[in-house]
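Okay, so here's the structure we're looking at.
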There are 2 protein chains.
Amino acid sequence: MGHMSDGARPPLTTRIMIGLNAVLAAIDGDRPLVLCTKAKGDKGLWGLPYGPFDPVRQRTFELGLRDFVAEQTRMRLGYVEQLYTFGDKGREAPSAVFEGGGAEDRIVSVGYLALAPGAEPVAMENTAWRNWYDHFPWEDWRDGEPRILSERIIPALQNWVDDAESPAEQRNRRDRVVLAFGYEESGWEEERTLDRYELLYEAGIVTEAEQDGLGETLPFQIVEAPMISDHRRILATAIGRLRGKLRYRPIIFEMMPPAFTLLDLQRSVEAIIGFPLHKQNFRRGIDNSGLVVKTGNVSAETGGRPAAMFRFDRSRVTGKAAQDRTIKGLTLPRLRQSPNAKLRAS
Amino acid sequence: MGHMSDGARPPLTTRIMIGLNAVLAAIDGDRPLVLCTKAKGDKGLWGLPYGPFDPVRQRTFELGLRDFVAEQTRMRLGYVEQLYTFGDKGREAPSAVFEGGGAEDRIVSVGYLALAPGAEPVAMENTAWRNWYDHFPWEDWRDGEPRILSERIIPALQNWVDDAESPAEQRNRRDRVVLAFGYEESGWEEERTLDRYELLYEAGIVTEAEQDGLGETLPFQIVEAPMISDHRRILATAIGRLRGKLRYRPIIFEMMPPAFTLLDLQRSVEAIIGFPLHKQNFRRGIDNSGLVVKTGNVSAETGGRPAAMFRFDRSRVTGKAAQDRTIKGLTLPRLRQSPNAKLRAS
DNA sequence: CCTATATATGCTCTAGTTGAGTATTATTAA
DNA sequence: TTAATAATACTCAACTAGAGCATATATAGG
């Protein structure tokens, strides 16, 4: 295999180090949660759990991830999926991440999405489940268009578009905004979380502390809640991936308790995708997906007529039971015009 | 940020090296192509172009990728997308990849998918465009179910299922086969390319030369055409990603020449997804996607009535023109019962 | 010119899916 | 008993997807 260009060997003074980042997501009622850690010396900013990859002891990234998450948070991961590998120069200061790391080292981080069936309380200090919309307030449309979007972000984006140096660049910026935020005809696509974040970042509307070198000079910065390093970007990637995957894989059940009502399920899905669903059509979709079966119990939790409890039926994904239809994920019957946005779906 | 576990710093004797792998795909008529290289000393096996990532000189992976592909193949990449990062221990022998690499080093490779608008001939020795179905004969259903699948692969998989040690494991294997290969009800899902490859690999039905340590002892091996290292796995990932993405992004146009007929477009899509489409419904789908516009010219290439030429209309993806509908990708109107599988779609 | 052949392109029909809403049922609290 | 709160059942219309028929415009060969 020796046909690579010469000079390939990196000088010993520049080492590559690999960090593993975990986006551990769970749902609590109608709150989508992500496990965060806060480190001293980071001005109180939150970050994602991360750990170094040890090339000697760890056979695969995934095993390494499971190890350090268990060590840091006492949680054992279930569903795990690789997201993306972030390798841009300057994305973090090596010495801040790896003990013994020097400024000349290069840190690459591999982000993973992990799903938990519930948000067990974590006893560790500086570790907490946080609502991910605290860091992405523009992504939650469950009560209608977020005010921060219409009142602050869109005007700021408009300024950014107007600020472009050439008409071509202006058109390009405008198109990107329209596409990412679904204005005009195209419509909000919930899975474009990363596109939106990157646009806001590029426009200087969000920023991640000082290490980005943009300091206080940003013209349009208006949205707070940064995270350390590029962790908010990693979280945006995770949210987008999870949202997109709901449609074609029965992944939501990785985040559900063993038994649940259909409304529980609906609230969980809504928490993730960030917009309300049409209740009757949602259950119709669930119903003929064949993904769940009744347990026989009922829940009298909520005041009205008791709801039947369901559980995920794994045999439906393959087995003879699945009859004719291809099992994919969930149908997400959007509620277009909510009669009263304040009151959720009827 | 210094809250990582100690002992994080890898000993200097184990270095991490990062390789970049490019799956450069193009279409020629009805042949889906991938740019391959053949190295001496690899028993004549084909592989993907790859190069080391230089942490000193290269600011991002993507720039590094573009550099080494330009150097190795004289091609400038257009559309590029990160696929996956492969880091399992033992996936390749470092000394074979990096000059100066030692057995104690750890190689991680970041795979990328790149799309070319056409397969320009490459003048480089040991570099060629190859039909990707040469390495995945079971993935091409354009002329009906591939014989290798029904005659050899499925029986071998059946043996593998029967071979399971426990009934539970047997059921598990069976379910995985059913799901990946779409037998019984669920139906063939073209984007599960990687699932299928991994299943075949696990069952010992495909193998990648000797470094996998399985040697000649495989009970069921029946499919040839391996590639070096884990390049066939990377290619499977790329094919799956590309197939899946066609449905929701207008990515096919990255692989088309500036002007084309609708049949050209259909043949290209069919080449990628590996099954035939219903012609009239395909054009209906293209038509009301609004993704293309007539150039005004016609093509008298094929013998029958001349076909109108079209071009991709980028303005449709955002612009005012897009009217009401959300522009996604293509509809893929499957042709279920081909009247005569030998004759493609009517 | 006329005919066979080949493909492009237009149109219809049907079944299933999706968005939306109405109606009915089973509880608890006042 | 009534109001409130949900759960659950059903209906309806618009649209989408699979299928196939019909017509239009070329070329090749008499």
Side-chain angles (χ1 to χ4, degrees), chain A residues 29-30 187 247-248 260-267 275-290 292 294-310 323-340 343-346, chain B residues 29-30 187 247-248 260-267 269 273 275-290 292 294-310 323-340 343-346:
Chain A
D30 61 358
R247 281 215 160 76
Y248 60 97
F260 46 83
T261 69
L262 293 185
L263 190 60
D264 291 340
L265 186 62
Q266 184 181 342
R267 292 288 175 248
F275 60 82
L277 298 174
H278 186 284
K279 186 171 176 172
Q280 299 92 320
N281 291 345
F282 178 76
R283 28 174 73 237
R284 176 178 60 187
I286 298 297
D287 210 64
N288 48 28
S289 79
V292 301
K294 284 190 179 168
T295 64
N297 301 330
V298 292
S299 152
E301 291 285 292
T302 41
R305 171 175 172 176
M309 303 288 287
F310 291 81
Q323 306 292 0
D324 42 359
R325 65 181 53 262
T326 306
I327 305 304
K328 300 181 173 185
L330 306 180
T331 59
L332 303 181
R334 269 197 136 95
L335 196 58
R336 304 291 178 87
Q337 62 277 48
S338 29
N340 182 346
L343 297 178
R344 294 294 163 79
S346 70
Chain B
D30 62 356
R247 281 214 161 77
Y248 59 97
F260 46 82
T261 69
L262 293 185
L263 190 59
D264 291 340
L265 186 63
Q266 183 181 343
R267 293 286 175 249
V269 172
I273 61 180
F275 59 81
L277 298 175
H278 186 284
K279 184 170 175 172
Q280 298 93 320
N281 291 344
F282 178 76
R283 24 174 78 236
R284 176 177 60 189
I286 297 297
D287 210 61
N288 49 28
S289 78
V292 300
K294 282 190 180 169
T295 65
N297 301 329
V298 292
S299 152
E301 291 285 291
T302 41
R305 172 174 170 175
M309 302 288 286
F310 291 81
Q323 305 292 0
D324 43 1
R325 63 181 53 263
T326 306
I327 305 303
K328 301 180 170 183
L330 306 179
T331 59
L332 303 181
R334 273 195 133 96
L335 196 58
R336 304 291 179 87
Q337 63 276 50
S338 30
N340 182 346
L343 297 178
R344 294 293 162 79
S346 71

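Not measured: the values here are computed from a predicted model. In the text below, chain A, chain B and the rest are named by the order of the sequence lines, each starting its count at 1.
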Query raised in the report: In chain order, what residues pass the salt bridge (Lys or Arg N to Asp or Glu O under 4.0 Å) check against A:Arg247, with sequence neighbours excluded?
Result: A:Glu190
Query raised in the report: How long is the gap from CD on B:Gln280 to CG on B:Asp287, to the nearest 0.5 Å?
Result: 13.0 Å
Report task. Assign each of B:Pro333 and B:Pro306 to its nearest nucleotide of DNA chain D by heavy atoms, then name whichever residue's nucleotide is nearer the 5' end. Result -> B:Pro333
Query raised in the report: Has the side chain of A:Arg283 got a donor or acceptor atom sitting under 3.5 Å from an opposite partner on the base of D:dA7?
Result: no
Query raised in the report: B:Met309 CE to C:dA8 P: how many Å, rounded?
Result: 12 Å
Query - Interatomic distance, B:Phe282 CZ vs D:dG20 C1' [rounded to whole Å] - result: 19 Å
Query raised in the report: Between CG of A:Asp264 and CZ of A:Arg267, what distance do you get to the nearest 0.5 Å?
Result: 9.5 Å
**Report entry** Gap between atoms NZ and P, on B:Lys279 and D:dG18 respectively (whole Å)
**Finding:** 18 Å
Query raised in the report: What is the distance from atom CG of B:Leu332 to atom NE2 of B:His278, rounded to the nearest 0.5 Å?
Result: 14.0 Å
Query raised in the report: Nearest of C:dG19, C:dA8, D:dA26 to any side-chain atom of A:Asn281?
Result: C:dG19
Report summary line: Considering only heavy side-chain atoms of B:Arg284, the closest of D:dA19, C:dA8, D:dT11 is D:dA19
Report task. Note the angle between the end axes of the helix from C:dC1-D:dG30 to C:dA30-D:dT1, five pairs defining each, rounded to 10 degrees. Result -> 10°
Query raised in the report: What's the closest nucleotide to the B:Gln280 side chain, out of C:dT27, C:dA8, C:dC11?
Result: C:dC11
**Report entry** Contact summary for A:Ala307 and A:Thr261, nearest pair of heavy atoms
**Finding:** CB-CG2, 3.7 Å
Report summary line: So CG of B:Leu262 and CZ of B:Phe282: to nearest 0.5 Å the spacing works out to 7.0 Å
Report summary line: Side-chain contact check for A:Ala307: nearest option of D:dA7, D:dA17, C:dT7 is D:dA7
Query raised in the report: The side chain of A:His278 lies closest to which of these nucleotides: D:dT8, C:dA20, D:dA17?
Result: C:dA20
Query raised in the report: Which whole-number value in Å describes the distance from A:Asn288 CG to D:dA9 P?
Result: 13 Å
Query raised in the report: Roughly, in whole Å, what's the span from CZ in A:Arg305 to P in D:dA7?
Result: 10 Å
Report task. Apply side-chain hydrogen bond (donor to acceptor under 3.5 Å, both in side chains) to A:Thr331 and list each qualifying residue two or more places apart in sequence or on a separate chain. Result -> none
Query raised in the report: Looking across every strand, which nucleic acid part, if any, lies under 4.0 Å from A:Leu263 by heavy atom: base, sugar-phosphate, or nothing?
Result: sugar-phosphate
Query - B:Leu330 CG - D:dT16 P separation (whole Å) - result: 15 Å
Query raised in the report: Between atom NZ in A:Lys294 and atom C1' in D:dA9, what is the gap in whole Å?
Result: 11 Å
